[in-house]
Amino acid sequence: NAGVTQTPKFRILKIGQSMTLQCAQDMNHNYMYWYRQDPGMGLKLIYYSVGAGITDKGEVPNGYNVSRSTTEDFPLRLELAAPSQTSVYFCATKGASGRSDTQYFGPGTRLTVL
Amino acid sequence: AQSVTQLGSHVSVSEGALVLLRCNYSSSVPPYLFWYVQYPNQGLQLLLKYTSAATLVKGINGFEAEFKKSETSFHLTKPSAHMSDAAEYFCAVSAMSNNDMRFGAGTRLTVKP
């Protein structure tokens with residue numbers, strides 16, 4: 001099992017460009033999350049999904065969009081890239097709805113907006 | 001609302017010395033607490049978690065953490081540091097809403113030979 005995979009690993013964008021960060025999982029988990037990690041700030045939740053066809057906003061959703069058409073995939077879309085979106089992005093999954101259940105993280109995508 | 005505070009953004013220890021990484025939490029309900037480790041250029045990996053069973057929780061790689069309700073703390077310890085322990089460590093609390101996590105800012109551990 002590959003677990004949680006993210007592509008690309010690195011990307012440089014110009015201001016105003018758009019891109020999609022891909023996240024795929026083969027763990028058959030219903031819950032999926034997108035976080036961004038800024039230096040000294042920990043991780044902040046961008047969007048999450050509790051199952052195919054259901055998404056909702058997290059703490060910092062502005063400038064991003066998501067979709068969840070299948071259980072396996074949860075892409076994150078940046079429509080008009082801004083320097084403030086320079087960050088490392090992590091996708092995570094969780095198998096059950098309990099608060100004690102573990103989240104499993106992908107390796108991350110490092111995005112730079114110039 | 002749930003939140004965690006990690007005291008000390010950088011901790012440096014000598015190889016073989018005790019590792020102590022501090023985490024204090026705030027929660028309006030009984031918390032579920034986690035420690036994650038992040039090695040360079042990798043995602044986060046679960047070290048251990050507290051889920052209201054035993055207050056002393058043992059994790060991978062010789063780490064353990066003790067839940068102290070009276071101190072609202074969940075400090076991470078390891079008796080003897082190894083060079084391979086050098087990484088960033090995150091404390092997290094399971095939030096009430098969204099089933100997501102609230103993470104601390106992280107503590108970078110350096111191990112000196």
Side-chain angles (χ1 to χ4, degrees), chain A residues 2-10 21 23-25 27 29-51 54-61 66 74 88-110, chain B residues 1-10 21 23-54 57 59-60 67 74 87-108:
Chain A
V4 183
T5 58
Q6 292 183 240
T7 55
K9 292 188 185 303
F10 304 95
L21 282 67
C23 174
Q25 54 111 349
M27 306 169 81
H29 284 176
N30 284 326
Y31 291 77
M32 296 188 75
Y33 307 87
W34 274 106
Y35 293 92
R36 59 177 288 171
Q37 182 184 28
D38 299 314
M41 299 292 290
L43 279 72
K44 300 291 186 184
L45 182 67
I46 305 171
Y47 270 93
Y48 71 101
S49 170
V50 301
I54 306 170
T55 63
D56 209 343
K57 297 177 180 179
E59 291 182 85
V60 291
V66 294
F74 190 41
V88 182
Y89 292 84
F90 288 101
C91 179
T93 72
K94 190 171 74 167
S97 63
R99 287 175 56 221
S100 64
D101 290 290
T102 300
Q103 289 191 18
Y104 297 88
F105 286 80
T109 294
R110 187 175 296 274
Chain B
Q2 284 72 34
S3 66
V4 293
T5 302
Q6 291 184 241
L7 302 175
S9 58
H10 290 89
L21 305 182
C23 173
N24 287 89
Y25 71 89
S26 172
S27 179
S28 55
V29 298
Y32 294 113
L33 295 159
F34 302 76
W35 275 101
Y36 280 86
V37 60
Q38 184 182 31
Y39 298 104
N41 300 315
Q42 295 186 28
L44 280 69
Q45 176 184 358
L46 181 70
L47 268 180
L48 50 81
K49 63 180 178 180
Y50 168 74
T51 59
S52 75
V57 182
I60 61 172
F67 173 72
F74 190 56
E88 186 139 20
Y89 292 80
F90 292 93
C91 182
V93 63
S94 182
M96 282 292 292
S97 63
N98 308 338
N99 285 297
D100 68 325
M101 301 275 206
R102 298 288 187 263
F103 287 86
T107 298
R108 182 169 300 277

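Below, chains carry the letters A, B, ... as their sequence lines are ordered, and counting in each starts from 1. As the structure is a computational prediction, the values presented were derived from the model and not from experiment. When reading the values below, keep in mind they use all heavy atoms of this one structure, side chains included, and skip hydrogens, waters and symmetry mates.
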A.B. asks: Report yes if the side chains of A/Val66 and A/Trp34 come closer than 4.5 Å at any heavy-atom pair, otherwise no.
C.D. replies: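 Yes, at least one pair of side-chain atoms sits under 4.5 Å.
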A.B. asks: Is a donor on one side and an acceptor on the other found under 3.5 Å between the side chain of A/Gln6 and the backbone of A/Gly108?
C.D. replies: yes
A.B. asks: Taking the side chain as C-beta and beyond, is there a heavy-atom pair between B/Trp35 and B/Leu21 under 4.5 Å?
C.D. replies: yes
A.B. asks: Top residue by heavy-atom pair count (under 4.5 Å) with chain A, among B/Gln42, B/Gln45, B/Arg108?
C.D. replies: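 Of B/Gln42, B/Gln45, B/Arg108, B/Gln42 has the most heavy-atom pairs under 4.5 Å with chain A.
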A.B. asks: Do you know which of B/Phe34, B/Tyr89, B/Tyr36 makes side-chain contact (heavy atoms from CB on, under 4.5 Å) with B/Leu47?
C.D. replies: B/Tyr89
A.B. asks: Sort out for me which of A/Asp101, A/Val4, A/Asp38 touches chain B most, counting heavy-atom pairs under 4.5 Å.
C.D. replies: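 The answer is A/Asp101.
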A.B. asks: Please look at B/Leu44 and chain A and tell me whether the side chain, the backbone, both or neither of the residue comes under 4.5 angstrom of a heavy atom of that chain.
C.D. replies: both
A.B. asks: Tell me, for B/Tyr50 versus chain A, whether the close heavy atoms (under 4.5 Å) come from the side chain, the backbone, both or neither.
C.D. replies: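 Interface part for B/Tyr50: neither.
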